[in-house]
Protein chains: 2
Amino acid sequence: MATIYEVAALAGVSPATVSRVFNGLTVSEEKQRLVRDAAARLAFTPNKTARRLRKQSSEIIALLIPDIENPFYTALARGVEDRAQESGFSVVLCNTDDNPAKELRYLQIAASEQMAGVILSPASDEVDLGAIVSLGRPVVAVDRTTPYPVDAVKIDNRAAGIAATTALVEAGYRRIACIAGPAGIEMTEDRFLGWRQVAAARGTGVHEGYLRHANFRVDGGHAAMRALLALDTPPDAVVTTNNLMAIGALQALAEAGISPEQFGVAAVGELPFVTMAPAAVASVVQVRLPARYLGRTAATMLLERIAGDTQPLRTVVLRAEVSPPPLPGKDPAL
Amino acid sequence: MATIYEVAALAGVSPATVSRVFNGLTVSEEKQRLVRDAAARLAFTPNKTARRLRKQSSEIIALLIPDIENPFYTALARGVEDRAQESGFSVVLCNTDDNPAKELRYLQIAASEQMAGVILSPASDEVDLGAIVSLGRPVVAVDRTTPYPVDAVKIDNRAAGIAATTALVEAGYRRIACIAGPAGIEMTEDRFLGWRQVAAARGTGVHEGYLRHANFRVDGGHAAMRALLALDTPPDAVVTTNNLMAIGALQALAEAGISPEQFGVAAVGELPFVTMAPAAVASVVQVRLPARYLGRTAATMLLERIAGDTQPLRTVVLRAEVSPPPLPGKDPAL
DNA sequence: GTGAAAGCGCTAACAC
DNA sequence: GTGTTAGCGCTTTCAC
């Protein structure tokens with residue numbers, strides 16, 4: 001790989017001039033041409049590592065998500081990546097598995113790699129952002145929050161829980177259960193509080209055992225749904241606080257020979273890749289979360305901070321909406 | 001961030017000794033202790049950027065995939081990441097969108113970032129790996145191949161296509177169509193050649209218009225299936241050469257009021273997140289591709305090359321298998 | 001076993 | 001507008 005010195009020698013200018021050309025600083029037309037020609041002839045690419053060492057910062061942002069196999073997070077990642085790319089940044093995707101130890105390790109890597117900033121969906125409230133923040137690296141929390149004072153982009157989770165539950169009530173269901181995520185994560189707690197609020201207000205009664213905590217994955221939703229069906233007075237509908245648990249619940253229902261037309265299912269989140277009959281799909285309430293936009297917004301905020309924006313901490317709250325499934329063959333807009 | 005010099009000063013040794021301690025070179029017990037204490041007190045973390053500039057190489061590998069929202073690739077990425085992590089490497093995930101321009105850009109980034117190696121699923125045959133290879137960076141092609149001489153890990157695609165089609169023939173279907181991916185990608189061509197071979201051999205006859213090329217996404221499969229159903233003599237079964245197009249096909253069938261029990265569907269690839277009734281699921285033939293293992297194998301090969309392995313180029317071919325769906329609630333093993 | 005010193009390739013003062 | 005030069009923090013000869 002050619003260096004700035006070789007280009008300079010070939011072009012008959014100083015290394016500094018070559019650097020200036022590649023950084024868009026003022027250089028005479030004439031020398032600019034000489035430099036570009038020489039660079040092209042040597043297939044010169046600036047060495048990012050040297051530049052980073054010198055500048056103490058890079059054009060890489062770290063994105064820490066709990067589960068790369070959850071379509072919600074891949075859509076979010078997509079949003080981050082698209083926005084980052086527009087500004088010439090690259091994204092390193094890190095999968096934390098909701099494991100605080102992995103999360104911490106990635107934060108250390110982000111620091112020692114001089115990454116420009118971090119977007120993360122914290123695995124737990126205890127995540128220690130102190131080290132990275134004190135390094136002056138901007139951090140944005142996305143989807144989930146953290147007690148640490150950083151910018152955040154989130155969903156109005158309470159409203160989402162309310163919307164999901166209300167839709168079931170209005171469809172005539174009266175014994176509405178809730179499959180919530182692990183206790184201790186504000187995002188899922190807000191969603192199930194929305195459920196509880198509606199259940200209490202509408203007098204549908206919150207039966208004993210109608211609240212289930214599960215992991216956020218398909219198997220968690222599946223097991224929880226089976227348990228609900230095994231109750232003495234099983235529910236006639238269920239709200240899940242994320243997308244994958246809804247899949248698990250639907251699987252358990254299918255195994256029990258129950259179609260979604262007979263049993264109310266509402267998910268906070270969008271079901272990925274549904275292949276059910278249109279009527280069945282239509283009967284599943286989906287509170288669509290703007291995952292991609294969430295990522296794009298987080299990236300935008302982070303990039304602003306990286307650029308030196310010093311306004312007070314912000315939390316952007318996005319509103320989810322209950323909506324019909326998108327037409328097949330249509331890509332959901334941004 | 002503390003530097004090696006500050007640690008050295010505090011420990012009363014030379015910077016070189018600090019470096020040696022952190023690289024596991026021979027240093028006396030005594031000084032080792034001093035250095036570690038000083039490092040701990042200063043919360044010292046070695047600066048990876050400086051190290052990389054000096055060593056001309058990093059512990060980062062680039063993974064270029066066509067579609068991060070396709071569960072096949074996220075599973076593959078998962079395999080790469082797990083294996084990389086075991087060796088202390090990080091993975092940068094890059095989404096090429098099957099766009100040669102994006103792919104090229106990422107390859108340039110990989111080079112200028114001194115990444116240790118590249119694993120990629122080429123967007124096209126024309127991808128130019130010359131630059132990165134001539135830099136001495138190892139490259140492994142995964143899932144898809146490239147004319148360029150690099151290591152590769154792939155599926156026996158012809159066999160997969162044969163298996164999918166044979167299963168439909170044995171189930172009694174006689175008018176079997178094929179929804180293939182874009183022309184010009186060897187992976188999908190091999191799969192549809194498997195289909196054609198069986199169709200010809202079994203005398204099921206390859207009707208005019210039974211072969212459809214589509215993009216690899218859900219909408220592509222959906223449109224292709226609709227077109228097939230609109231034929232004068234529509235097929236009674238279909239083989240799709242990837243997972244997402246199968247989803248699209250199933251959606252189109254569902255819209256037409258046709259259940260998978262009535263119309264044969266075979267997919268090369270695994271349907272993600274199925275929520276259909278067990279009987280319907282069972283009637284869909286899925287040729288399961290070991291996505292995660294594909295990724296893990298590619299990562300292993302790459303890491304061997306990075307470590308200096310100079311054996312001749314290898315291509316590992318993995319065999320897919322037709323199998324029943326995994327039990328719900330079970331995570332597919334590695 | 002340990003220290004001194006020379007870079008890795010780039011950027012940013014600082015002179016001119 | 002352009003060249004000279006001093007590092008960024010680390011690894012690695014080369015002496016000792």
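Chain naming here is simple, since letters A, B, ... match the order of the sequence lines and numbering starts at 1 in each. Please read all numbers here as calculations on a predicted model, not as lab measurements.
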*Nearest heavy-atom pair of A:Ile132 and A:Ala111: which atoms, and what distance?*
CD1-N, 4.0 Å
*Phosphate-side-chain proximity, B:Thr17 and C:dG3, N/O vs OP1/OP2 below 4.0 Å*: yes
*Along nucleotides 11-16 of chain D, 5' to 3', which nucleotides get a B, which get an S, and which get a -, given that the test is a protein heavy-atom distance under 4.0 Å?*
BBB---
_Using a 3.5 Å distance criterion without hydrogens, assess whether the side chain of B:Ser124 forms a donor-acceptor pair with backbone atoms of B:Pro100._
no
*Return the value, rounded to whole Å, for the distance between atom CD of B:Glu113 and atom P of C:dC10.*
13 Å
_salt_bridge(B:Asp37, B:Arg33) N-O dist < 4.0 Å_ = yes
*Round to the nearest Å and state the distance from A:Glu59 atom CD to C:dT11 atom P.*
10 Å
*Could A:Glu81 and A:Arg292 be called an ion pair, given the rule that one side-chain N must be under 4.0 Å from one carboxylate O?*
no
*Cationic N near anionic O, under 4.0 Å, B:Glu113 to A:Arg51*: no
*Whole angstrom value for the distance that separates C1' of D:dG1 from CZ of A:Arg33*: 17 Å
*Hey, where does DNA chain D pair up into stems, meaning at least three consecutive Watson-Crick or G-U pairs with distances under 3.5 Å?*
C:1-16 with D:1-16
_What is the distance, to the nearest angstrom, from the CD atom on B:Gln32 to the C1' atom on C:dT2?_
13 Å
*Just by modelled atom types, is the B:Leu313 backbone N or O under 3.5 Å from a matching donor or acceptor in the B:Asp151 side chain?*
no
*Look only at the side chain of A:Arg137 and the backbone of A:Met115, and say whether a donor-acceptor pair between them is shorter than 3.5 Å.*
yes
_Below the 4.0 Å mark, does D:dC8 have OP1 or OP2 next to a side-chain nitrogen or oxygen of B:Thr49?_
no
_Quick test of your reading of the model: are A:Asp97 and B:Arg78 salt-bridged, counting only N-O distances below 4.0 Å?_
yes
*Can a side chain N or O of B:Thr3 be found less than 4.0 Å away from OP1 or OP2 on D:dC8?*
no
*For D:dC8, does either OP1 or OP2 sit under 4.0 Å from a side-chain N or O belonging to A:Gln114?*
no
*Which is true for A:Lys31 with a 4.0 Å heavy-atom rule: it touches a base, it touches only sugar-phosphate, or it touches nothing?*
sugar-phosphate
*In whole angstrom, what separates B:Met1's CE from D:dC8's P?*
16 Å
*Spacing between A:Leu53 atom CG and C:dG7 atom P, to the nearest angstrom*: 17 Å
*For A:Thr26 and D:dG1, is the shortest distance between a side-chain N/O and OP1 or OP2 below 4.0 Å?*
yes
_Salt bridge flag under 4.0 Å for residues B:Asp98 and B:Arg144_ = yes
